[in-house]
Structures are given as structure tokens and as C-alpha cells.
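Notes follow the structure.
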Amino acid sequence: NAGVTQTPKFQVLKTGQSMTLQCAQDMNHEYMSWYRQDPGMGLRLIHYSVGAGITDQGEVPNGYNVSRSTTEDFPLRLLSAAPSQTSVYFCASRPGINYGYTFGSGTRLTVV
Amino acid sequence: GQQLNQSPQSMFIQEGEDVSMNCTSSSIFNTWLWYKQDPGEGPVLLIALYKAGELTSNGRLTAQFGITRKDSFLNISASIPSDVGIYFCADPSNTGNQFYFGTGTSLTVIP
């Protein structure tokens, strides 16, 4: 099993550009989430999904969109990148509500 | 969102020393999870606790589920340089479908 795979690992965007961060898991997990982590900070929940076709907002959703068309994939879209979105983004999945998350290795995004 | 307070915020210790950190919540928890994040990596689950008073070990790591169900403790014995990282607590179910992490404890081990 590959676990949770995130691409790209590094990305530089100009202000106003859009892009999609990819996340795929091969563990057949129902729950998936996106977090951002700023330097010296903890993990903040952006969006999450409890199954294909179901998504909801976390604590910092503004500027980000998600969709969940399949169990395996949970892409995160930045519609118009801003410098405040410079961060490390982690995707994670888990089998159900009482389980811990398995994390990907992260995408390091810089918006200039 | 859910606020989980971890203390201390950071620790600088000598190799070989024991480490203690804790996590507290204003709500009663049913499960406590402890994660470690190595520099430049995603968090990895270390220990899961499911009952008040439960004591669980994973090598040199020992975690306890507080009897009030509002706190948890993580101890590391005989620290080594690879223990460096950020340690997070979390509860997977207390906030419904959302999943929040504590504020983190940053550990530096000085050889």
C-alpha cells in the first residue's frame, strides 16, 4: 500500500493564480481531510469529507474548494492564490470516526 | 473549533533525560491520540488510548488517559536525538466528524 499520496511536493504560485493540490489514498478510507500548517504552528482543518459526494468546512475554509467524487481522491483547489496561503498542506485519511488519521508527506506551497 | 491545550509549548533537553508533556481539554474525551511530527514530514500516530485511566506503552513512550477524561500525558524515557519533533494530541470523535489537534509540544534533544 502507498498510503496517502500528495502531489506536488513543492509549488510556487504567483498571487491570483489557481491550482489544485492532489491527494489519493489506497486504503479504502471513508474519511479524508485537508490541513494547513504554518511555520511554528499547529494543524488547522480546512475541509473534510466523510465519504464520496460529502464534504464540509473546517475552521479555515476561505479561499479553498474541495470535492470528493471517488473514495480514493480528495483534491484541494485554490481559486485565486494569496500570500496568506503560503503554508504546508497535509492530506489525511482514516477508516471511521473513532480512528486516527494517516497523513501524506505534505505539499509545500509558496505564493509570491 | 475544539481547543486542546498542550504544555509545555517547547522543551530543550539533554540526551538521556526523561520527558513529560500533557494535553488538556475543557470537554470530556472518549479517546486520546498522540502523534509525532518529524521535521519536514507529516504527523504519525504513536499511541491511542480508549479508557479513562488507561496506560499504554510504545517502546520508550508511555501515555496515560487521565481519570477525569479531560487530560492525557505522554512520557518519553531516556531521550535520544531522533525523538526531536513536534508532539500533538488529538481526539478523533469529540467534535463529530471534524478532527482537531492540540497546539503541539516541540521537543529538542541536545546530544
Side-chain angles (χ1 to χ4, degrees), chain A residues 2-7 9-10 21 23 25 27 29-51 53-62 66 68 74 87-108, chain B residues 1-11 21 23-25 29-51 54 56 58 63 65 72 74 84-108:
Chain A
V4 179
T5 302
Q6 291 185 238
T7 56
K9 292 191 182 300
F10 300 93
L21 307 185
C23 176
Q25 53 95 4
M27 298 172 283
H29 287 173
E30 289 296 321
Y31 287 59
M32 296 186 75
S33 288
W34 276 100
Y35 292 85
R36 62 176 288 175
Q37 186 175 35
D38 299 319
M41 302 283 288
L43 296 149
R44 292 188 291 171
L45 181 64
I46 305 172
H47 285 285
Y48 66 97
S49 169
V50 298
I54 306 170
T55 64
D56 207 343
Q57 297 179 350
E59 58 182 316
V60 288
N62 291 342
V66 292
R68 184 96 180 271
F74 191 42
S87 189
V88 181
Y89 291 84
F90 289 102
C91 178
S93 72
R94 59 176 176 158
I97 196 169
N98 289 315
Y99 295 85
Y101 270 113
T102 298
F103 281 81
S105 57
T107 294
R108 284 144 186 84
Chain B
Q2 180 68 261
Q3 186 70 24
L4 296 174
N5 295 310
Q6 291 187 240
S7 64
Q9 186 174 11
S10 61
M11 304 180 73
M21 61 187 77
C23 187
T24 61
S25 169
F29 278 11
N30 297 316
T31 305
W32 282 97
L33 304 177
W34 283 94
Y35 282 80
K36 182 195 176 196
Q37 184 177 27
D38 289 329
E41 300 293 329
V44 173
L45 182 64
L46 297 174
I47 293 178
L49 302 161
Y50 299 103
K51 293 191 307 185
E54 180 181 355
T56 298
N58 178 3
F65 194 140
S72 181
L74 178 68
V84 166
I86 305 176
Y87 292 80
F88 292 101
C89 62
D91 172 67
S93 61
N94 199 50
T95 48
N97 292 322
Q98 302 193 34
F99 186 122
Y100 293 105
F101 287 84
T103 49
T105 293
S106 175
L107 177 64
T108 301

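Chain naming here is simple, since letters A, B, ... match the order of the sequence lines and numbering starts at 1 in each.
- Heavy-atom pairs under 4.5 Å with chain B were tallied for A/G100, A/G96, A/G42, A/C91; the largest tally goes to A/G100.
- Note that OH of A/Y101 and CG of B/L33 are 11.5 Å apart. Values are rounded to the nearest 0.5 Å.
- Using a 4.5 Å cut-off between heavy atoms, B/Q37 touches chain A through its side chain atoms alone.
- Atoms CG and CG, on A/N98 and B/D91 in that order, are 8.5 Å from each other to the nearest 0.5 Å.
- Taking the six-membered ring for Trp and the full ring otherwise, B/F88 and A/F103 have centroids separated by 6.0 Å or more.
- The closest side-chain heavy-atom distance from A/R44 to B/Y100 is not below 4.5 Å.
- Residue contact with chain B, scored on non-hydrogen atoms closer than 4.5 Å, is absent for A/E30.
- Legend: residues meeting side-chain hydrogen bond (donor to acceptor under 3.5 Å, both in side chains) with B/S106, ordered by chain and number and at least two apart, are absent.
- Contacts of A/F90 with chain B are made by side-chain atoms alone, with heavy-atom separations under 4.5 Å and no backbone atom involved.
- Ranking B/A90, B/G104, B/G40, B/A48 against chain A, the residue ahead of the rest is B/G40, based on heavy-atom pairs under 4.5 Å.
- The 12-atom threshold is exceeded at OH of A/Y89, counting heavy atoms of other residues, nucleotides or ligands nearer than 6.0 Å.
- Neither the backbone nor the side chain of A/Q6 comes within contact range of chain B, judged by heavy atoms closer than 4.5 Å.
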